2 protein chains.
Amino acid sequence: MDASVGARLRMVRERQNLSQRELARRAGVTNATISLIESDRTNPSVGSLKRVLDGIPMGLAEFFALEMPEEGAERVFFPAAELVEIGRGKISYRQVGTDMTRRALQILHERYAPGTDSGKVLLSHEGEEGGVIISGRMEVTVGEQRRILGPGDAYLFDSRIPHRFRNVGDEDCVVVSACTPPSL
Amino acid sequence: MDASVGARLRMVRERQNLSQRELARRAGVTNATISLIESDRTNPSVGSLKRVLDGIPMGLAEFFALEMPEEGAERVFFPAAELVEIGRGKISYRQVGTDMTRRALQILHERYAPGTDSGKVLLSHEGEEGGVIISGRMEVTVGEQRRILGPGDAYLFDSRIPHRFRNVGDEDCVVVSACTPPSL
DNA sequence: TTCAGGCGTTCACGATCCTGAACATGATGC
DNA sequence: GCATCATGTTCAGGATCGTGAACGCCTGAA
């Protein structure tokens, strides 16, 4: 509860996948300021810290109320606000956690616009993947099998089997998917 | 939610009935610092603000999460932490609210040590007063009436009638009392 | 009245912050 | 290889903060 301001800021910034410079640009401060604060080489004024947090955005109360994870403890919970949206337009997804290099499992909260197609060339790669349709309708092709899935339906298969996804409905299709090892 | 740091600090300090100098002494800063912060003539560093709040004591998260009352709105709720203990030793009491000059009703959360006596000379003043015994035992004398009250018992009388309180038990006696107009 | 003490405010100056520009490193592509 | 880009870090200097000591005001006691 009384971790340093620097450690807190670094944590929230990295959870948002922002670089020091990008955060500095959004906040209207210099990247040096971010660096100095995060390394506890300076003791920021409340005003400047607030400006920095406005670039997240996050309030001061929320910032200081943040529970810092144990040193070396593995991150387990991911508030919705931290599932940053990566794509835009036809496909967008929100990844659960960052730093996929160290993990064996990747989980995405995806949204497919109507007509989206993962491609005529069927995908094939190592690992396994699966998912659950939350809303909308999705045509899933895996090997010789083809099915249209709706809310509550799910899939799970060996990724080496050629596969393809198409949103054949007329509304967005939301899916929670998982794959191992992380692709992308 | 985004009131100035100065307004917030002034509010919490006054709710604790602390002067700028007293808070400065507890916090290990100078009174000038408190004055400058409260008047928003400076933008304190997180570190110095934390030192100041340590003198309250209050955490940064709680400080920034404080809801500021509407301008001119009357204060209605008083968290237990704000009922500051005023006395020490034989009698101590926690007053509900401050600035009694403007109020018609005064409420105290009192604790009487064993043997405490409000005095042989019976009290008498304008107004009415009453209370409820929370724990312990208290001998209450009002005019010609005398009674030993225990937990759950209560009293209520015209303050002009001479009265006296004595803790005749062998443990602390806790009472919630009220009087109008505020005495003391 | 005068004095003492507490209150919040103001001021000059030494300490600290924040900036703008450089630096060092690593990843990516030609 | 080289160039290019993005990353985090370091540094000198102007801007700002925090201190210590004053100030004016008020209240209560002698």
Side-chain angles (χ1 to χ4, degrees), chain A residues 3-56 58 60 63-64 84 86 95 98-102 182-184, chain B residues 3-56 58 60 63-64 84 86-88 95 98-102 182-184:
Chain A
S4 77
V5 172
R8 288 175 183 277
L9 179 58
R10 176 154 294 180
M11 186 182 71
V12 296
R13 177 178 63 81
E14 291 182 341
R15 284 188 187 176
Q16 299 283 356
N17 278 335
L18 295 175
S19 70
Q20 289 183 346
R21 280 185 161 82
E22 174 59 19
L23 174 56
R25 189 190 62 73
R26 297 191 189 185
V29 300
T30 62
N31 59 307
T33 301
I34 308 290
S35 177
L36 291 171
I37 294 174
E38 289 189 357
S39 51
D40 288 320
R41 299 172 63 82
T42 191
N43 186 356
S45 71
V46 172
S48 62
L49 178 60
K50 174 164 167 44
R51 273 206 305 277
V52 170
L53 292 179
D54 283 344
I56 296 288
M58 172 179 280
L60 287 163
F63 179 76
F64 287 111
V84 293
I86 300 188
Q95 180 168 281
T98 57
D99 192 19
M100 283 303 115
T101 58
R102 292 193 201 160
S183 65
L184 188 80
Chain B
S4 76
V5 172
R8 288 175 183 278
L9 179 59
R10 175 154 296 181
M11 186 182 70
V12 297
R13 177 178 63 81
E14 291 182 342
R15 284 188 186 176
Q16 300 282 2
N17 278 335
L18 296 175
S19 70
Q20 289 183 346
R21 279 184 162 82
E22 174 59 18
L23 174 56
R25 189 189 63 73
R26 298 190 188 186
V29 300
T30 61
N31 60 306
T33 301
I34 308 290
S35 177
L36 291 171
I37 293 174
E38 289 189 356
S39 52
D40 289 318
R41 299 172 64 80
T42 190
N43 186 356
S45 72
V46 171
S48 63
L49 178 61
K50 175 165 166 44
R51 271 207 306 279
V52 170
L53 292 179
D54 283 344
I56 299 285
M58 172 180 278
L60 287 163
F63 179 77
F64 287 112
V84 294
I86 301 187
R88 285 294 164 195
Q95 179 168 282
T98 58
D99 193 19
M100 282 304 115
T101 58
R102 292 195 203 158
S183 65
L184 190 82

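Order of the sequence lines fixes the chain letters, A, B, ..., with proteins taken first and strands second; residue numbering starts at 1 for each chain. Everything numeric here is computed off the predicted structure, so don't read it as measured data.
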Check nucleotides 12-21 of chain D for protein N or O atoms closer than 3.5 Å to its own N or O atoms and list the pairs.
{"from": "D:dC17", "atom 1": "OP1", "to": "B:N43", "atom 2": "N", "distance (Å)": "2.8"}
{"from": "D:dC17", "atom 1": "O5'", "to": "B:T42", "atom 2": "OG1", "distance (Å)": "3.2"}
{"from": "D:dG18", "atom 1": "OP1", "to": "B:S45", "atom 2": "N", "distance (Å)": "3.0"}
{"from": "D:dG18", "atom 1": "OP1", "to": "B:S45", "atom 2": "OG", "distance (Å)": "3.3"}
{"from": "D:dG18", "atom 1": "OP1", "to": "B:S48", "atom 2": "OG", "distance (Å)": "2.5"}
{"from": "D:dT19", "atom 1": "OP2", "to": "B:T30", "atom 2": "OG1", "distance (Å)": "3.4"}
{"from": "D:dT19", "atom 1": "OP2", "to": "B:T33", "atom 2": "OG1", "distance (Å)": "2.2"}

How close or far is atom C1' of C:dC17 from atom CD of A:E38, stated in whole angstroms?
17 Å
Output all residues satisfying side-chain contact (heavy atoms from CB on, under 4.5 Å) with B:S35, sequence neighbours left out; order by chain, then residue number.
B:Q20
Would you please name every residue forming a side-chain contact (heavy atoms from CB on, under 4.5 Å) with B:A27, sequence neighbours left out?
B:V29
Figure out the CG/P separation between A:L9 and C:dC18, and round it to whole Å.
12 Å
Rounded to the nearest 0.5 Å, how far does CG of A:L53 lie from CG of A:L49?
4.5 Å
How many Å lie between CG on B:D40 and P on C:dG8, as a whole number?
16 Å
Any chance you could measure B:S45, atom OG, to B:R51, atom CZ, to the nearest 0.5 Å?
6.5 Å
Set of residues satisfying side-chain contact (heavy atoms from CB on, under 4.5 Å) with respect to A:R25, sequence neighbours excluded
A:E22
Among B:L9, B:V5, B:V12, which residue meets the side chain to side chain contact (heavy atoms under 4.5 Å, CB included) test with B:V52?
B:L9
For nucleotides 4-7 of chain D, print each protein N/O atom paired with a nucleotide N/O atom at under 3.5 Å, atom names and distance only.
{"from": "D:dT7", "atom 1": "OP1", "to": "A:S19", "atom 2": "OG", "distance (Å)": "3.2"}

Report the distance from atom CG of A:L36 to atom CD1 of A:I34, rounding to the nearest 0.5 Å.
9.5 Å
Sequence neighbours excluded, which residues qualify as side-chain contact (heavy atoms from CB on, under 4.5 Å) partners of A:S39?
A:R41
